[in-house]
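This structure is a prediction, so every number in the text was calculated from the model and none was measured. By convention here, the first residue in the shown sequence is residue 1. Note that these values count all heavy atoms, side chains included, but never hydrogens, waters or copies made by symmetry.
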Amino acid sequence: QVQLVESGGGLVQAGGSLRLSCAASGRAFRTYAMGWFRQAPGKEHKFVASISWSGGSTAYVDSVKGRFTISRDNAKNTVYLQMNSLKPEDTAVYYCAAWGGSYRDYDKVGYWGQGTQVTVSS
């Protein structure tokens, strides 16, 4: 069973940066695609970014392209989301997720973390 724990959220001013981390359990971590989703107040979960099991391929929602970078360190069983040039509209609870198969199939998430709050003030 894969267990995911996010950390790194907080309160930042617009234009600032944060790096989120997601620590995963299990030796099977390397076989999973990983991704980040977010949920703003009163809204549904939305895809943010994903990365293939090897780390060689990534995908991003248009609104974060050029500002966010997803990466993974399989030796540490950890996936990261570096968030730069943050905007108030980035405010949300950010969730780490994992699934088998392609990094593109983020509608088939099998495991979720507990979430970490990111708040961007203007």
Side-chain angles (χ1 to χ4, degrees):
Q1 184 77 6
V2 176
Q3 297 177 359
L4 308 173
V5 180
E6 304 98 329
S7 62
L11 173 64
V12 298
Q13 194 172 52
S17 298
L18 284 174
R19 187 177 74 163
L20 306 183
S21 298
C22 174
S25 67
R27 295 180 61 189
F29 172 79
R30 292 166 56 92
T31 70
Y32 288 89
M34 302 287 293
W36 291 92
F37 294 73
R38 64 188 181 186
Q39 184 174 26
K43 298 184 178 180
E44 299 179 350
H45 281 231
K46 293 181 62 178
F47 168 79
V48 177
S50 63
I51 187 166
S52 63
W53 66 268
S54 67
S57 300
T58 59
Y60 300 91
V61 66
D62 286 345
S63 60
V64 308
K65 289 181 178 178
R67 300 189 298 119
F68 291 10
T69 302
I70 187 171
S71 61
R72 67 190 296 166
D73 185 341
N74 289 343
K76 296 181 178 180
N77 286 358
T78 302
V79 63
Y80 304 95
L81 186 67
Q82 178 66 46
M83 305 185 294
N84 298 326
S85 301
L86 283 162
K87 305 175 181 180
E89 50 263 45
D90 295 318
T91 295
V93 177
Y94 283 71
Y95 296 90
C96 180
W99 61 96
S102 173
Y103 73 100
R104 295 176 287 108
D105 295 335
Y106 48 77
D107 58 340
K108 299 179 180 178
V109 171
Y111 303 94
W112 294 93
Q114 85 287 352
T116 185
Q117 177 71 48
V118 172
T119 302
V120 184
S121 65
S122 60

Are the side chains of [Y] and [X] in contact, using a 4.5 Å heavy-atom criterion?
X     : Y      : answer
Tyr94 : Leu20  : yes
Arg72 : Asn74  : yes
Leu81 : Thr69  : no
Arg67 : Lys87  : yes
Ser50 : Arg104 : no
Arg38 : Val64  : yes
Gln82 : Ser71  : no
Tyr32 : Val2   : yes

Stepwise ring pair (Phe, Tyr, Trp, His ring centres under 6.0 Å) check, Tyr95 with Phe37: CA-CA 5 Å; Tyr95 296 90; Phe37 294 73; 8.8 Å; no
Would [X] and [Y] show up in the same hydrophobic cluster when neighbours are defined by side-chain heavy atoms closer than 4.5 Å?
X     : Y     : value
Phe68 : Ile70 : yes
Tyr80 : Trp36 : no
Met34 : Tyr60 : yes

For the student: nearest non-hydrogen atoms of [X] and [Y], plus distance:
X      : Y     : answer
Gly101 : Ala33 : O-CB, 3.7 Å
Gly35  : Trp99 : N-CZ3, 3.6 Å
Ser17  : Ser85 : OG-N, 4.3 Å
Leu4   : Cys96 : CD1-O, 3.8 Å

Greater than 12 external heavy atoms within 6.0 Å of Tyr106's OH: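 No, the 6.0 Å shell around OH holds no more than 12 heavy atoms from other groups.
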Distance-only polar pair, side chains of Thr78 and Asp73, donor-acceptor under 3.5 Å: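 No, no side-chain donor-acceptor contact under 3.5 Å.
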Asp90 side chain to Met83 backbone, donor-acceptor under 3.5 Å: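 No, the answer is negative, given that no donor and acceptor are paired below the 3.5 Å cut-off.
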Expected output: side-chain Thr91 to main-chain Val120 donor-acceptor under 3.5 Å: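 Yes, the answer is positive, given that a donor and an acceptor are paired below the 3.5 Å cut-off.
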Separation of Ser25 OG from Asn77 CG (nearest 0.5 Å):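 OG of Ser25 is found 8.0 Å from CG of Asn77.
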For Lys65, all residues meeting salt bridge (charged side-chain N to carboxylate O under 4.0 Å, His left out), sequence neighbours excluded: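 So Lys65 forms a salt bridge (charged side-chain N to carboxylate O under 4.0 Å, His left out) with Asp62.
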Throw together a table of side-chain donor-acceptor distances under 3.5 angstrom for residues 109-119, partners on residues two or more places apart or in other chains.
| from | atom 1 | to | atom 2 | distance (Å) |
| --- | --- | --- | --- | --- |
| Gln114 | OE1 | Glu6 | N | 3.4 |
| Gln114 | NE2 | Glu6 | O | 3.1 |
| Gln114 | NE2 | Glu6 | OE1 | 3.4 |
| Thr116 | OG1 | Gly9 | N | 3.2 |
| Gln117 | NE2 | Ala92 | O | 3.4 |
| Gln117 | NE2 | Thr119 | OG1 | 3.3 |

